[in-house]
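Written out below as structure tokens is the structure these notes cover.
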Amino acid sequence: MTATTVNTVLGPVSGAELGIVAVRETLLSVLPGAQYGYDIDIDRARVFRAIAEKLNAFRAAGGGTVVDAGGMFAGRDVPLYEAVSRATGVHIVASSGQMEEGMLGGYFLTPQTNPPTPWPTAKFAALYAAEVTEGMVVPRVERRGAAGLISTATTPDGMTATDESQLRGCARAALDTGVALALRAGNDPMAELAVAVEEQLAADRVAVSNVGESAADIAAAGAFVVFTDVHAAVAFAYDGNATRTLLATGGAALTFGHEAAPASYAGLIEAVPAELRHQLLVANPAALLAAKEA
Amino acid sequence: MTAAHIDRVNTVLGPIAPEELGFVAIHEHIGYGMPGSELDTQWWKTPEQRYEETVPKLRTFHENTLPWGGATFVDATGICNGRDIDYYQSLSAKTGVHIVASTGFVGGDTALAFFERASVDYLYRQFVHEITVGIGRTGGKAGIIKVGVSRGFKMKELDLRIYRAAARAALETGVPIFTHLAVDAEPAVEIFAEEGLPLHRVLFGHADDGVSQGKVRDRWIAEQGGRIGFDTFGYDLELPDPPFWGRPRQERLEHFLGYLRDGLTDSVLASADANCSPLGWPGVKGHTINYLFDTLFPALRDNGVDDATINRIFVELPADFLTLQPQN
């Protein structure tokens, strides 16, 4: 991977080839454990078709790349993403990392040690970096493709000690591999961004969503701000923050075990004023996603 | 007995008569791992390795059990812990060992977010479905419900929710309940009483492990009618690299013999809790299900325990316990 390439599920591509990017999306979103729910039927054919339809519409509207920022434990399906990318011609960037503490499995929280101490930063960092350097895991089967982003979140009520440990690990993995970090903030976006920056990750390698009232501060610190409200994004961009503004649907192509708004990637393109499209949907995502020399 | 009510035990290959079970290892694991461990390649094994580690142990178990007829392996691995029903079906079909699988959770701290958010009613429906319809798309039905105490020796709210759902599902379907750990049993006994589940349908597991000693009121549980699991036989501190729940071999044996001497044989069940091929942890080298035959039985005989008693604990009591006994 060179300084200007982006890892897609079908291999590295030049940042210039991404085109219009839906930058912080979730394609298949499965609440951890829902795959075992007795009344939940994850029909892969239906999943494929639902995602393909959205990607085809996105491509028809001029779209080029969708970034799945759901991390490695919330439905990510690498072989399916590969097939749907081939079938639609839309690049898919998949992510490593996991979401906030409540989304983690017991392996990370109450390991079989005495006492059951939650995972330290270094172990999270190694787990996620390997998904970039060695390939993403298909659990207990194989590694395939390289992650193009590390994605994490902090607990909405406030960052827990485990959230912080994981966030630091994600920042280190991003720093060590050159891919960017996506952070869905909890209740203190600036403090949470500061945790990543303390790990020596440059703020411009971080895209922060769920920023609330902190958008201007996050942008001033050098990070990208991810909006899910188009009007807010446009206003923020026109307010001198165009190079720091990213836009996402805030939804998912398909969910199991929880509710999320249905995502329309094509709708993103139509919603952004023509004069801002290149900056918000092409230039900014490419700048974020293009791997930096580790 | 009507046609609709034939005594049966759910195995992964379908229901069988209790008389077919033969020798029962009541609490074992084909492979156990904490949820999320599947993401960490350090523990991965190829399918070739997994079969290679597992099949010979099951074959030896089958040979060891020939004097009793059948061989039955109860897999106490809960949902989210690497439970793998079609793999168990293949193992059972190829080795001739009956395998009984679990629904439920080893503890609240092994239930992933989807189940952590679930109501008692949803959990109850999950368990009933897995016992009466099947697990996932495998068609294999669960024969027991696993519940347990989260790390810290104290029941947490989610643990209690799972216990209550399990009690309701056990009453309706007739499968027994296995607990992971017998500590903090008072809230469990209270829930089972509130739900009307007789305590002889509950095996309070790991009453014999090293870390529970001083915290477990096993004689009190037995007095209430609960069954006591001496089901970590072989996790001996004498092993080269014992786990933190290990215990001196002789101390565990004495604990067990105390029940037999006091006429409480019918209160106990016993097993080795070994992993054939662990998932997500190194496992304990040198410990297998076959410890029961290689080490435990000679020790029991040395202490004057007769074959009838061994037969009682490993054949008759488990057959009664595993037989579906719907209360409604």
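Quick caveat: nothing in here was measured; it's all calculated off a predicted structure. Here is the naming used below: chain letters follow the sequence lines, and residue numbers restart at 1 for every chain.
Ranked by heavy-atom pairs shorter than 4.5 Å toward chain B, the options A126(A), A130(A), G105(A), P115(A) are led by G105(A).
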Report the donor-acceptor contacts between chain A and chain B below 3.5 Å as a table, one pair per row.
from: P32(A); atom 1: O; to: A113(B); atom 2: N; distance (Å): 3.4
from: P32(A); atom 1: O; to: F114(B); atom 2: N; distance (Å): 2.9
from: Y36(A); atom 1: O; to: Q126(B); atom 2: NE2; distance (Å): 2.9
from: Y38(A); atom 1: N; to: Q126(B); atom 2: OE1; distance (Å): 2.8
from: Y38(A); atom 1: OH; to: R125(B); atom 2: NH1; distance (Å): 2.6
from: D39(A); atom 1: OD1; to: Y122(B); atom 2: OH; distance (Å): 2.5
from: D41(A); atom 1: OD1; to: R137(B); atom 2: NH2; distance (Å): 2.4
from: G106(A); atom 1: N; to: P35(B); atom 2: O; distance (Å): 3.2
from: Y107(A); atom 1: N; to: P35(B); atom 2: O; distance (Å): 2.9
from: Y107(A); atom 1: OH; to: D40(B); atom 2: OD2; distance (Å): 2.7
from: Y107(A); atom 1: OH; to: W43(B); atom 2: NE1; distance (Å): 2.5
from: P111(A); atom 1: O; to: R151(B); atom 2: NH1; distance (Å): 3.0
from: T113(A); atom 1: O; to: R151(B); atom 2: NH1; distance (Å): 3.4
from: T113(A); atom 1: O; to: R151(B); atom 2: NH2; distance (Å): 2.5
from: R140(A); atom 1: NH2; to: S37(B); atom 2: OG; distance (Å): 3.3
from: R143(A); atom 1: NH2; to: T41(B); atom 2: OG1; distance (Å): 3.2

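Of all non-hydrogen atoms in L112(B) and P32(A), the two that sit nearest each other are CB-O, 3.4 Å. Residue A113(B) comes nearest to G102(A) through the heavy atom pair CB-O, 3.5 Å, listed as atom of the first residue, atom of the second, then distance.
Using a 4.5 Å cut-off between heavy atoms, L104(A) contacts chain B through its backbone alone, with no side-chain atom that close. Contact of V141(A) with chain B is made through the backbone alone, with heavy-atom distances under 4.5 Å. Residue contact with chain B, scored on non-hydrogen atoms closer than 4.5 Å, involves the side chain of L127(A) exclusively. Proximity to chain A is limited to the side chain of I79(B), based on heavy atoms less than 4.5 angstrom apart.
Applying the side chain to side chain contact (heavy atoms under 4.5 Å, CB included) test to A180(A) and every residue at least two apart in sequence or in another chain returns L149(A), R205(A), L288(A).
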